[in-house]
Q: 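One structure, pasted below without further comment.
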Amino acid sequence: MTKLFYHPGNASMAPHCVLEEIGQSFELAFVDRAQNTHKSPDYLRLNPNGLIPVLVDGDLVLYETAAICLYLADKYPERQLAPELGTPERAQFYKWLMWLTNTMQASLLLYFYPERWVDAGNASGAQQIKSHAESKVAGLLAQLEDHLAASSGPWFLGEHYTVLDPLVMMVCRWTRGFSRPARDFAQLGPYLQRVLARPAVQRALQTEGLAHPWV
């Protein structure tokens, strides 16, 4: 049985949506962040970084959200959740997969956890980091907006829905408290609603018990 260790609304959301999209049976294992379960010895044996998510698939233990999504797309090629290997479309898919993790998500982490990057008690320094991170993310949202404006189809890579779509939705959801959230952009707003309308995404959101606004 495939098992996803998750916490509602965390970086496990995209893999959860992908598993629902694939339609094979899987198990969810709730990680109680309030009890620091992700820092427990048992969990650290799965992911020594103490981060969510982790996917366990038979003998395979895999962490990092993008890696899990890519693995699932490749394991179930019949679902066509990634472009064909060796094509220009696959190259663009890789680019955006890495960008969402290394650029967008990294910037969002600075916004949500600025205190990790200053000395203890330096509230003004943490606030400055948070403010700069929000400004940077605003520019990154504009980059997503421009990409969608030039796209030829309803999904992020065009005609075909891929694992990038729940990843984009997830990181855009995390901006819902910003002064200008992703949903307020002319292209991103309708696009996010299309992703949210997919039955697999709806099942994941409802299972995780997430409140509105979803994005």
Side-chain angles (χ1 to χ4, degrees), residues 4 6 9-24 26 53 55 64-105 107-108 137-176 178 180-208 210 212-215:
L4 178 69
Y6 87 107
N10 279 211
S12 49
M13 175 185 286
H16 187 181
C17 291
V18 172
L19 285 165
E20 291 285 359
E21 194 76 36
I22 289 167
Q24 299 291 324
F26 66 94
L55 183 81
E64 297 295 334
T65 296
I68 293 170
C69 289
L70 180 58
Y71 166 73
L72 292 171
D74 286 343
K75 183 177 180 181
Y76 298 97
E78 70 279 4
R79 301 301 297 169
Q80 297 183 316
L81 292 173
E84 291 286 337
L85 286 169
T87 62
E89 292 79 13
R90 183 76 172 208
Q92 292 297 323
F93 170 84
Y94 286 141
K95 178 191 77 176
W96 285 111
L97 186 68
M98 305 311 164
W99 183 91
L100 287 164
T101 299
N102 296 340
T103 304
M104 174 63 93
Q105 189 171 350
S107 299
L108 283 161
V137 171
L140 301 177
L141 290 174
Q143 192 173 341
L144 292 175
E145 176 79 358
D146 291 344
H147 170 79
L148 288 170
S151 176
S152 59
W155 306 116
F156 193 76
L157 288 184
E159 180 182 354
H160 297 291
Y161 184 88
T162 71
V163 298
L164 290 180
D165 293 296
L167 273 166
V168 173
M169 182 274 290
M170 181 183 76
V171 297
C172 285
R173 167 182 158 76
W174 293 341
T175 72
R176 66 194 184 279
F178 280 28
R180 190 188 182 194
R183 65 177 179 269
D184 286 353
F185 285 73
Q187 301 294 327
L188 272 170
Y191 161 77
L192 291 169
Q193 291 305 312
R194 291 193 293 273
V195 177
L196 289 171
R198 291 186 74 87
V201 174
Q202 283 292 307
R203 289 194 297 273
L205 293 171
Q206 290 166 14
T207 298
E208 295 194 11
L210 298 173
H212 289 274
W214 284 327
V215 296

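Residues take their numbers from the sequence shown, with the count starting at 1. Everything numeric here is computed off the predicted structure, so don't read it as measured data.
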Q: Verify the distance criterion only: is there a donor paired with an acceptor across the side chains of Q80 and H160 at less than 3.5 Å?
A: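 Result is no, nothing qualifies.
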
Q: Report yes if the side chains of W96 and M98 come closer than 4.5 Å at any heavy-atom pair, otherwise no.
A: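 No. Closest side-chain heavy atoms not under 4.5 Å.
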
Q: Let me see the working for L19 and Y76 under side-chain contact (heavy atoms from CB on, under 4.5 Å), right down to the final yes or no.
A: CA-CA 10 Å; L19 285 165; Y76 298 97; 5.9 Å; no

Q: Can you see which heavy atom on E21 is nearest to which on R79, and at what distance?
A: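 Reported closest heavy-atom pair: O-NH2, 2.9 Å.
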
Q: Quick one: OG1 on T101 to CD on E64, what's the gap to the nearest 0.5 Å?
A: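 If I round to the nearest 0.5 Å, the distance is 7.5 Å.
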
Q: Determine whether K75 and I22 satisfy the following criterion, side-chain contact (heavy atoms from CB on, under 4.5 Å), listing intermediate values before the conclusion.
A: CA-CA 10 Å; K75 183 177 180 181; I22 289 167; over 6 Å; no

Q: Does the side-chain contact (heavy atoms from CB on, under 4.5 Å) test come out yes or no for L70 and V163, once each step is laid out?
A: CA-CA 7 Å; L70 180 58; V163 298; 5.9 Å; no

Q: Is there a side-chain contact (heavy atoms from CB on, under 4.5 Å) between L55 and L72? Walk through the geometry before answering.
A: CA-CA 10 Å; L55 183 81; L72 292 171; 4.2 Å; yes

Q: If you compare all heavy atoms of W174 against all heavy atoms of N10, which two are closest, and at what distance to 0.1 Å?
A: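 Closest pair (atom of W174, atom of N10, distance): CZ2-C, 3.8 Å.
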
Q: Sub-3.5 Å donor-acceptor pair from the side chain of T175 to the main-chain atoms of A182, do we have one?
A: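 Judged by distance alone, yes, a pair lies under 3.5 Å.
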
Q: Answer whether the closest heavy-atom distance between the side chains of T103 and Q143 falls below 4.5 Å.
A: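 No; the side chains remain at least 4.5 Å from each other.
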
Q: May I ask you to decide if A11's main-chain N or O and T65's side chain share a donor-acceptor pair within less than 3.5 Å?
A: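 Confirmed, T65 side chain pairs with A11 backbone.
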
Q: When you compare the side chain of V137 with that of S107, does any pair of heavy atoms fall below 4.5 Å?
A: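 The answer is yes, as the side chains (C-beta and beyond) meet within the 4.5 Å cut-off.
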
Q: Please verify the inter-ring angle class for W155 with Y191; under 30° counts as parallel, over 60° as perpendicular, anything in between as tilted.
A: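 It falls in the perpendicular class, over 60°.
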
Q: Does the side chain of C172 reach to within under 4.5 Å of the side chain of L144, using non-hydrogen atoms?
A: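 The answer is yes; the side chains approach within 4.5 Å.
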
Q: Any donor-acceptor pair under 3.5 Å linking the side chain of E145 with the backbone of A186?
A: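 Side chain of E145 to backbone of A186, a donor-acceptor pair under 3.5 Å: yes, one is there.
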
Q: I'd like to know whether CD of E84 has more than 12 heavy-atom contacts from other residues, nucleotides or ligands below 6.0 angstrom.
A: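 Open.
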
Q: Locate the shortest heavy-atom distance separating F93 from A82; write the atom from each residue and the value.
A: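 Answer, listing the atom of F93 first, then A82: CZ-CB, 3.7 Å.
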
Q: Any side-chain heavy atom of E20 within less than 4.5 Å of one from R198?
A: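 They are not in contact (no side-chain heavy atoms under 4.5 Å apart), so the answer is no.
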
Q: What heavy-atom pair brings F185 and P181 nearest, and what distance separates the two atoms?
A: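 In this case the closest contact between F185 and P181 is CD1-O, 3.5 Å.
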
Q: Which pair of non-hydrogen atoms, one from Q202 and one from L196, has the smallest distance, and what is that distance?
A: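 Taking every non-hydrogen atom into account, NE2-O, 2.8 Å.
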
Q: Hey, does the side chain of S151 reach the backbone of H147 with a donor-acceptor pair shorter than 3.5 angstrom?
A: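 Answer holds: no.
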
Q: Is it true that a side-chain atom of D165 and a backbone atom of T162 form a donor plus acceptor pair closer than 3.5 Å?
A: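 A pair under 3.5 Å: yes.
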
Q: Using only atom types and a distance under 3.5 Å, with no angle test, would you say the side chain of E159 pairs donor to acceptor with the backbone of S152?
A: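 Not at all, since once roles are kept as given, no pair shorter than 3.5 Å links the two residues.
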
Q: Search all heavy atoms of P166 against all heavy atoms of C17 and return the closest pair with its distance.
A: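 Minimum heavy-atom contact is CB-CB, 3.8 Å.
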
Q: Can you tell me how far OG1 of T87 sits from CD of Q92, rounded to the nearest 0.5 angstrom?
A: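 Taking CD in Q92 and OG1 in T87, the distance rounds to 10.0 Å.
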
Q: Would you call E89 and L157 a side-chain contact if the rule is heavy atoms closer than 4.5 Å?
A: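 Contact flag for E89/L157 side chains = no.
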
Q: Any chance you could measure M170, atom CE, to L108, atom CG, to the nearest 0.5 Å?
A: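 Rounded to the nearest 0.5 Å, the CE-CG separation comes to 9.0 Å.
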
Q: Any side-chain heavy atom of R183 within less than 4.5 Å of one from R176?
A: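 Answer yes - side chains close enough.
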
Q: Starting at CG of L100, measure out to NZ of K95 and round the result to the nearest 0.5 Å.
A: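 Output value for this atom pair is 10.5 Å.
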
Q: I want to check something: taking the side chain as every heavy atom from C-beta on, are D184 and F178 in contact at a cut-off of under 4.5 Å?
A: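 They are not in contact (no side-chain heavy atoms under 4.5 Å apart), so the answer is no.
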
